[in-house]
Amino acid sequence: MDDLLSRRLCPSPQAVETALGAETVILHLGNDTYYGLDAVGTRIWSGLKDGAGLPAIRDRIAGEFAVDPARVEADMRRFLHDLLAHDLVQDG
Amino acid sequence: MTLASPDVATPSAPAGAPLPIAGLEGWTVQRATALPPSEPLWSDGQGTSSHRIPGEAEALLLRTEDLAAAAVSLPSRSILLVDLGGGTDLADQWLADQVAPRLLSHLGHLVVHAAALRAQGGGAVLLAAPSRRGKSTLAAFLRREGWPLLGDDAAVIRPEEASVSAVYPRLRLRRDSWRRLHPGDGTPAALGDKVSLPPGPAVAEAPLAALFALAEGPACRADPLSPAEACMELVRNGYALDPTDRERAALRLHQSAAVANAVPAFRLSYPHDYARLPELRDLLRAALA
(Lines give C-alpha, C1' and ligand atoms only; values in the text may rest on other atoms or scores of the structure.)
Protein backbone atom coordinates (compact mmCIF):
# COMPACT_ATOMS: atom_id res chain seq x y z
CA MET A 1 0.00 0.00 0.00
CA ASP A 2 1.26 3.47 -0.88
CA ASP A 3 2.40 5.70 1.91
CA LEU A 4 -0.28 8.13 2.96
CA LEU A 5 1.80 11.20 2.16
CA SER A 6 2.38 10.03 -1.40
CA ARG A 7 -1.33 10.07 -2.12
CA ARG A 8 -3.07 12.99 -3.78
CA LEU A 9 -6.05 13.69 -1.54
CA CYS A 10 -8.80 16.20 -2.12
CA PRO A 11 -11.99 17.18 -0.26
CA SER A 12 -14.99 14.93 -0.77
CA PRO A 13 -17.80 16.45 -2.85
CA GLN A 14 -20.00 15.52 0.13
CA ALA A 15 -18.17 18.02 2.33
CA VAL A 16 -19.41 21.58 2.79
CA GLU A 17 -17.36 23.94 4.86
CA THR A 18 -17.61 27.29 6.52
CA ALA A 19 -14.77 29.37 7.90
CA LEU A 20 -14.94 30.86 11.38
CA GLY A 21 -11.86 32.95 12.04
CA ALA A 22 -8.88 30.62 11.94
CA GLU A 23 -11.10 27.56 12.36
CA THR A 24 -13.37 25.65 10.02
CA VAL A 25 -16.53 23.62 10.43
CA ILE A 26 -17.16 20.91 7.86
CA LEU A 27 -20.54 19.31 7.29
CA HIS A 28 -20.71 15.93 5.59
CA LEU A 29 -23.86 16.10 3.52
CA GLY A 30 -24.12 12.35 3.14
CA ASN A 31 -24.47 11.53 6.80
CA ASP A 32 -25.39 14.91 8.29
CA THR A 33 -22.41 14.91 10.62
CA TYR A 34 -20.06 17.83 11.17
CA TYR A 35 -16.51 18.34 12.26
CA GLY A 36 -14.52 21.20 13.67
CA LEU A 37 -11.00 21.91 12.45
CA ASP A 38 -8.54 23.92 14.49
CA ALA A 39 -6.12 26.41 12.95
CA VAL A 40 -3.62 23.77 11.81
CA GLY A 41 -6.38 21.47 10.53
CA THR A 42 -7.77 24.43 8.63
CA ARG A 43 -4.36 25.00 6.99
CA ILE A 44 -4.19 21.36 5.93
CA TRP A 45 -7.73 21.46 4.60
CA SER A 46 -6.95 24.65 2.70
CA GLY A 47 -3.92 22.98 1.13
CA LEU A 48 -6.02 19.98 0.08
CA LYS A 49 -8.53 22.32 -1.55
CA ASP A 50 -5.72 24.07 -3.41
CA GLY A 51 -4.52 20.73 -4.76
CA ALA A 52 -1.19 20.88 -2.96
CA GLY A 53 0.74 17.69 -2.34
CA LEU A 54 0.86 16.45 1.24
CA PRO A 55 4.65 16.85 1.65
CA ALA A 56 4.32 20.45 0.47
CA ILE A 57 1.52 21.08 2.95
CA ARG A 58 3.65 19.58 5.73
CA ASP A 59 6.63 21.73 4.87
CA ARG A 60 4.53 24.87 4.58
CA ILE A 61 2.97 24.36 8.01
CA ALA A 62 6.31 23.50 9.58
CA GLY A 63 7.69 26.76 8.24
CA GLU A 64 4.73 28.90 9.25
CA PHE A 65 4.55 27.53 12.78
CA ALA A 66 8.32 26.99 13.19
CA VAL A 67 7.81 23.35 14.14
CA ASP A 68 9.84 20.25 13.32
CA PRO A 69 8.48 18.79 10.04
CA ALA A 70 8.55 15.29 11.55
CA ARG A 71 6.18 16.41 14.28
CA VAL A 72 3.91 18.12 11.76
CA GLU A 73 3.91 14.96 9.67
CA ALA A 74 2.91 12.77 12.61
CA ASP A 75 -0.01 15.10 13.41
CA MET A 76 -0.94 15.29 9.74
CA ARG A 77 -1.08 11.52 9.42
CA ARG A 78 -3.49 11.24 12.35
CA PHE A 79 -5.58 14.06 10.97
CA LEU A 80 -5.69 12.63 7.44
CA HIS A 81 -6.64 9.19 8.75
CA ASP A 82 -9.55 10.87 10.57
CA LEU A 83 -10.62 12.69 7.41
CA LEU A 84 -10.44 9.44 5.41
CA ALA A 85 -12.33 7.51 8.08
CA HIS A 86 -15.13 10.06 7.97
CA ASP A 87 -15.21 10.18 4.18
CA LEU A 88 -14.29 13.85 4.15
CA VAL A 89 -11.43 13.41 1.69
CA GLN A 90 -10.83 11.10 -1.22
CA ASP A 91 -8.11 10.29 -3.70
CA GLY A 92 -8.00 12.88 -6.41
CA MET B 1 -50.88 18.76 -5.60
CA THR B 2 -53.75 18.03 -3.26
CA LEU B 3 -52.92 15.93 -0.26
CA ALA B 4 -56.52 16.04 0.85
CA SER B 5 -57.82 13.93 -2.02
CA PRO B 6 -60.46 11.51 -0.74
CA ASP B 7 -58.51 8.41 -1.77
CA VAL B 8 -55.66 9.14 0.60
CA ALA B 9 -57.18 11.01 3.49
CA THR B 10 -60.41 12.03 5.10
CA PRO B 11 -60.33 15.58 6.40
CA SER B 12 -62.64 16.17 9.30
CA ALA B 13 -63.34 19.72 8.19
CA PRO B 14 -64.12 20.98 4.71
CA ALA B 15 -61.59 23.77 4.88
CA GLY B 16 -58.19 23.92 6.51
CA ALA B 17 -57.72 25.98 9.64
CA PRO B 18 -54.99 28.65 9.58
CA LEU B 19 -51.74 27.81 11.30
CA PRO B 20 -51.26 30.62 13.84
CA ILE B 21 -47.47 30.78 13.72
CA ALA B 22 -45.36 33.71 12.56
CA GLY B 23 -43.69 32.90 9.28
CA LEU B 24 -46.36 30.38 8.34
CA GLU B 25 -49.08 32.84 7.38
CA GLY B 26 -51.22 31.40 4.62
CA TRP B 27 -50.60 27.80 5.71
CA THR B 28 -53.61 25.69 6.65
CA VAL B 29 -54.08 22.51 8.64
CA GLN B 30 -56.67 19.85 8.07
CA ARG B 31 -57.26 16.84 10.25
CA ALA B 32 -57.31 13.52 8.48
CA THR B 33 -57.67 9.87 9.41
CA ALA B 34 -55.33 8.35 6.86
CA LEU B 35 -51.99 9.21 5.33
CA PRO B 36 -50.78 9.18 1.74
CA PRO B 37 -48.32 6.45 0.77
CA SER B 38 -44.78 7.43 1.63
CA GLU B 39 -41.18 6.25 1.48
CA PRO B 40 -38.75 6.75 4.36
CA LEU B 41 -35.96 9.29 4.07
CA TRP B 42 -34.59 9.63 7.57
CA SER B 43 -35.19 8.57 11.15
CA ASP B 44 -33.88 9.95 14.41
CA GLY B 45 -33.84 6.46 15.90
CA GLN B 46 -36.28 7.54 18.58
CA GLY B 47 -39.55 7.23 16.72
CA THR B 48 -39.60 10.37 14.57
CA SER B 49 -39.01 10.04 10.84
CA SER B 50 -39.22 12.00 7.59
CA HIS B 51 -40.63 10.53 4.37
CA ARG B 52 -41.12 11.51 0.79
CA ILE B 53 -44.49 11.18 -0.86
CA PRO B 54 -44.04 9.39 -4.20
CA GLY B 55 -45.32 11.27 -7.19
CA GLU B 56 -45.69 14.50 -5.29
CA ALA B 57 -43.09 17.21 -5.79
CA GLU B 58 -42.21 19.23 -2.72
CA ALA B 59 -44.29 17.15 -0.35
CA LEU B 60 -42.93 15.54 2.78
CA LEU B 61 -44.36 13.54 5.61
CA LEU B 62 -43.20 13.72 9.21
CA ARG B 63 -44.36 11.17 11.77
CA THR B 64 -43.74 10.31 15.37
CA GLU B 65 -44.81 6.77 16.18
CA ASP B 66 -47.88 6.41 18.38
CA LEU B 67 -48.36 10.18 18.41
CA ALA B 68 -49.09 11.95 15.14
CA ALA B 69 -48.11 12.41 11.51
CA ALA B 70 -48.28 15.35 9.13
CA ALA B 71 -48.19 15.41 5.35
CA VAL B 72 -46.76 18.77 4.30
CA SER B 73 -47.37 20.18 0.83
CA LEU B 74 -45.27 23.20 -0.07
CA PRO B 75 -47.10 24.10 -3.31
CA SER B 76 -50.51 24.23 -1.64
CA ARG B 77 -49.15 25.41 1.72
CA SER B 78 -51.27 22.81 3.47
CA ILE B 79 -50.72 20.26 6.20
CA LEU B 80 -52.73 17.11 6.79
CA LEU B 81 -52.56 16.19 10.46
CA VAL B 82 -53.28 12.63 11.53
CA ASP B 83 -53.61 11.46 15.11
CA LEU B 84 -51.68 8.19 15.47
CA GLY B 85 -52.92 7.44 18.97
CA GLY B 86 -51.78 10.36 21.07
CA GLY B 87 -55.12 12.16 20.95
CA THR B 88 -56.20 15.36 19.24
CA ASP B 89 -54.71 17.76 21.76
CA LEU B 90 -51.32 16.07 21.73
CA ALA B 91 -51.39 15.98 17.94
CA ASP B 92 -51.98 19.74 17.93
CA GLN B 93 -49.12 20.20 20.39
CA TRP B 94 -46.88 17.98 18.25
CA LEU B 95 -47.75 20.10 15.22
CA ALA B 96 -46.46 23.20 17.00
CA ASP B 97 -43.50 21.44 18.65
CA GLN B 98 -42.23 19.32 15.81
CA VAL B 99 -43.76 20.27 12.48
CA ALA B 100 -43.79 24.07 12.64
CA PRO B 101 -40.08 24.47 13.53
CA ARG B 102 -39.05 21.98 10.86
CA LEU B 103 -41.27 23.60 8.27
CA LEU B 104 -39.88 27.05 9.06
CA SER B 105 -36.39 25.61 8.65
CA HIS B 106 -37.40 24.06 5.33
CA LEU B 107 -38.58 27.50 4.22
CA GLY B 108 -35.11 28.93 4.84
CA HIS B 109 -35.19 30.10 8.46
CA LEU B 110 -32.57 29.10 11.00
CA VAL B 111 -34.58 27.36 13.71
CA VAL B 112 -32.86 26.01 16.80
CA HIS B 113 -33.99 23.82 19.65
CA ALA B 114 -33.62 26.46 22.34
CA ALA B 115 -35.41 28.47 24.97
CA ALA B 116 -35.19 32.24 24.55
CA LEU B 117 -35.49 34.90 27.25
CA ARG B 118 -34.80 38.59 27.40
CA ALA B 119 -32.10 39.55 29.83
CA GLN B 120 -31.45 42.82 31.58
CA GLY B 121 -30.40 45.31 28.95
CA GLY B 122 -32.90 44.08 26.43
CA GLY B 123 -30.86 41.47 24.63
CA ALA B 124 -32.05 37.89 24.37
CA VAL B 125 -30.24 34.78 25.55
CA LEU B 126 -30.65 31.44 23.85
CA LEU B 127 -30.48 28.28 25.95
CA ALA B 128 -29.81 25.59 23.35
CA ALA B 129 -30.04 21.90 24.08
CA PRO B 130 -31.80 18.76 22.95
CA SER B 131 -34.96 17.62 24.72
CA ARG B 132 -34.79 16.63 28.38
CA ARG B 133 -31.64 18.64 29.07
CA GLY B 134 -33.43 21.13 31.32
CA LYS B 135 -34.15 24.06 29.00
CA SER B 136 -37.69 24.58 30.22
CA THR B 137 -36.78 24.23 33.89
CA LEU B 138 -34.05 26.85 33.62
CA ALA B 139 -36.30 29.07 31.50
CA ALA B 140 -39.11 28.77 34.04
CA PHE B 141 -36.75 29.68 36.87
CA LEU B 142 -35.46 32.73 35.01
CA ARG B 143 -39.01 33.73 34.11
CA ARG B 144 -39.90 33.57 37.78
CA GLU B 145 -36.88 35.82 38.41
CA GLY B 146 -38.31 38.42 36.04
CA TRP B 147 -36.64 37.56 32.74
CA PRO B 148 -39.31 37.95 30.02
CA LEU B 149 -39.77 34.72 28.09
CA LEU B 150 -39.95 34.52 24.32
CA GLY B 151 -40.39 30.76 24.18
CA ASP B 152 -39.08 27.60 25.77
CA ASP B 153 -38.45 25.17 22.93
CA ALA B 154 -37.85 26.44 19.40
CA ALA B 155 -36.28 29.74 18.41
CA VAL B 156 -35.94 31.42 15.03
CA ILE B 157 -32.65 33.27 14.59
CA ARG B 158 -32.27 35.87 11.88
CA PRO B 159 -28.56 35.84 11.00
CA GLU B 160 -28.71 39.17 9.17
CA GLU B 161 -29.86 41.08 12.24
CA ALA B 162 -28.65 38.57 14.87
CA SER B 163 -32.12 38.72 16.37
CA VAL B 164 -34.28 35.99 17.82
CA SER B 165 -37.96 35.18 18.16
CA ALA B 166 -39.83 32.11 19.34
CA VAL B 167 -41.67 29.81 16.95
CA TYR B 168 -44.56 30.34 19.34
CA PRO B 169 -44.72 31.72 22.87
CA ARG B 170 -45.20 29.07 25.47
CA LEU B 171 -43.75 27.42 28.54
CA ARG B 172 -44.31 23.76 29.26
CA LEU B 173 -42.83 22.09 32.30
CA ARG B 174 -42.75 18.59 33.67
CA ARG B 175 -45.07 18.31 36.67
CA ASP B 176 -42.21 17.62 39.09
CA SER B 177 -40.33 20.70 37.85
CA TRP B 178 -43.45 22.81 38.29
CA ARG B 179 -43.89 21.62 41.88
CA ARG B 180 -40.23 22.28 42.71
CA LEU B 181 -40.27 25.78 41.23
CA HIS B 182 -43.72 26.75 42.49
CA PRO B 183 -44.21 24.98 45.83
CA GLY B 184 -47.62 25.65 47.31
CA ASP B 185 -49.16 26.76 44.03
CA GLY B 186 -51.87 24.70 42.40
CA THR B 187 -50.86 22.66 39.40
CA PRO B 188 -51.96 24.23 36.09
CA ALA B 189 -53.70 22.27 33.38
CA ALA B 190 -51.60 19.43 32.06
CA LEU B 191 -51.22 18.00 28.59
CA GLY B 192 -49.40 14.72 28.49
CA ASP B 193 -46.74 14.72 31.20
CA LYS B 194 -46.29 18.50 31.17
CA VAL B 195 -48.14 21.50 32.49
CA SER B 196 -48.63 24.51 30.24
CA LEU B 197 -48.13 28.05 31.46
CA PRO B 198 -48.76 31.36 29.79
CA PRO B 199 -45.40 32.82 28.74
CA GLY B 200 -45.99 36.11 30.52
CA PRO B 201 -45.52 39.52 28.89
CA ALA B 202 -45.19 38.95 25.16
CA VAL B 203 -41.76 39.60 23.62
CA ALA B 204 -41.97 39.13 19.89
CA GLU B 205 -38.35 39.59 18.93
CA ALA B 206 -35.13 40.76 20.52
CA PRO B 207 -31.49 41.18 19.51
CA LEU B 208 -29.52 38.08 20.36
CA ALA B 209 -27.03 38.90 23.12
CA ALA B 210 -25.52 35.46 23.72
CA LEU B 211 -25.90 31.76 23.07
CA PHE B 212 -25.60 29.24 25.88
CA ALA B 213 -25.28 25.57 25.00
CA LEU B 214 -26.54 23.56 27.97
CA ALA B 215 -24.52 20.58 29.15
CA GLU B 216 -24.52 18.29 32.14
CA GLY B 217 -21.56 18.59 34.47
CA PRO B 218 -20.55 18.20 38.09
CA ALA B 219 -20.25 21.95 38.69
CA CYS B 220 -21.93 25.13 37.47
CA ARG B 221 -19.67 26.76 34.89
CA ALA B 222 -19.90 29.01 31.86
CA ASP B 223 -17.01 28.38 29.48
CA PRO B 224 -16.57 30.50 26.34
CA LEU B 225 -17.02 28.68 23.04
CA SER B 226 -15.02 29.46 19.93
CA PRO B 227 -17.07 30.51 16.91
CA ALA B 228 -16.50 27.05 15.40
CA GLU B 229 -17.76 25.36 18.58
CA ALA B 230 -20.76 27.70 18.69
CA CYS B 231 -21.50 26.97 15.04
CA MET B 232 -21.50 23.24 15.74
CA GLU B 233 -23.86 23.70 18.69
CA LEU B 234 -26.26 25.61 16.45
CA VAL B 235 -26.07 22.94 13.75
CA ARG B 236 -26.46 20.17 16.33
CA ASN B 237 -29.59 21.78 17.74
CA GLY B 238 -31.03 22.86 14.41
CA TYR B 239 -34.36 21.65 13.08
CA ALA B 240 -34.83 20.15 9.61
CA LEU B 241 -37.89 18.73 7.93
CA ASP B 242 -35.74 16.67 5.58
CA PRO B 243 -32.24 16.20 7.04
CA THR B 244 -31.16 14.50 3.80
CA ASP B 245 -31.71 17.70 1.81
CA ARG B 246 -28.16 18.78 1.02
CA GLU B 247 -28.82 22.30 -0.14
CA ARG B 248 -30.75 23.12 2.98
CA ALA B 249 -28.13 21.47 5.20
CA ALA B 250 -25.47 23.67 3.63
CA LEU B 251 -27.68 26.73 4.14
CA ARG B 252 -28.12 25.87 7.85
CA LEU B 253 -24.36 25.54 8.21
CA HIS B 254 -23.71 28.95 6.69
CA GLN B 255 -26.51 30.58 8.69
CA SER B 256 -25.14 29.01 11.88
CA ALA B 257 -21.66 30.29 11.07
CA ALA B 258 -22.97 33.82 10.56
CA VAL B 259 -24.64 33.77 13.97
CA ALA B 260 -21.62 32.16 15.65
CA ASN B 261 -19.37 34.86 14.23
CA ALA B 262 -21.64 37.64 15.48
CA VAL B 263 -22.68 36.54 18.96
CA PRO B 264 -20.70 35.41 22.03
CA ALA B 265 -21.33 31.83 23.03
CA PHE B 266 -20.75 29.74 26.13
CA ARG B 267 -21.14 26.19 27.31
CA LEU B 268 -23.26 26.31 30.45
CA SER B 269 -22.55 23.17 32.44
CA TYR B 270 -24.46 22.21 35.56
CA PRO B 271 -25.74 19.30 37.57
CA HIS B 272 -29.45 18.51 37.64
CA ASP B 273 -30.11 20.17 40.97
CA TYR B 274 -32.87 22.73 41.50
CA ALA B 275 -30.87 24.29 44.33
CA ARG B 276 -28.15 25.30 41.85
CA LEU B 277 -30.44 27.32 39.56
CA PRO B 278 -29.54 30.66 41.23
CA GLU B 279 -25.89 29.96 40.42
CA LEU B 280 -26.82 29.55 36.78
CA ARG B 281 -28.68 32.86 36.82
CA ASP B 282 -25.57 34.54 38.22
CA LEU B 283 -23.35 32.87 35.61
CA LEU B 284 -25.64 34.11 32.86
CA ARG B 285 -25.55 37.64 34.25
CA ALA B 286 -21.76 37.57 34.54
CA ALA B 287 -21.37 36.29 30.99
CA LEU B 288 -23.62 39.06 29.71
CA ALA B 289 -21.91 41.82 31.67
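For the options Pro227(B), Ala240(B), Ala228(B), Ala249(B), heavy-atom pairs under 4.5 Å to chain A are most numerous at Ala228(B). With respect to chain A, the highest number of heavy-atom pairs below 4.5 Å among His254(B), Arg252(B), Arg246(B) belongs to Arg246(B).
For chain B, the nearby part of Gln14(A) is the side chain; its heavy atoms alone come within less than 4.5 Å. Contact annotation for Ala22(A): neither backbone nor side-chain heavy atoms come within less than 4.5 Å of a heavy atom of chain B.
Here the straight-line distance linking atom OG1 of Thr18(A) with atom CE of Met232(B) works out to 12.0 Å at 0.5 Å rounding.
The minimum heavy-atom distance linking Ala260(B) with Leu20(A) is given by the pair CB-CD2, 3.8 Å. Residues Val16(A) and Ala250(B) approach most closely at CG1-CB, 4.0 Å, considering heavy atoms.
Heavy-atom neighbours of chain B within the stretch residues 35-42 of chain A, taken at a separation under 4.5 angstrom, comprise Tyr35(A), Gly36(A). Close approach to chain A, defined as a heavy atom under 4.5 Å from one of its heavy atoms, is seen in no residue of residues 101-112 of chain B.
Counting non-hydrogen atoms of neighbouring residues, nucleotides and ligands closer than 6.0 angstrom, the CZ atom of Arg71(A) reaches no more than 12 such neighbours. Remark: Glu247(B) CD is loosely packed, at most 12 non-hydrogen atoms of other residues, nucleotides or ligands lying under 6.0 Å away. For Arg221(B), the CZ atom is loosely surrounded, since the number of other residues' heavy atoms within 6.0 Å does not exceed 12.
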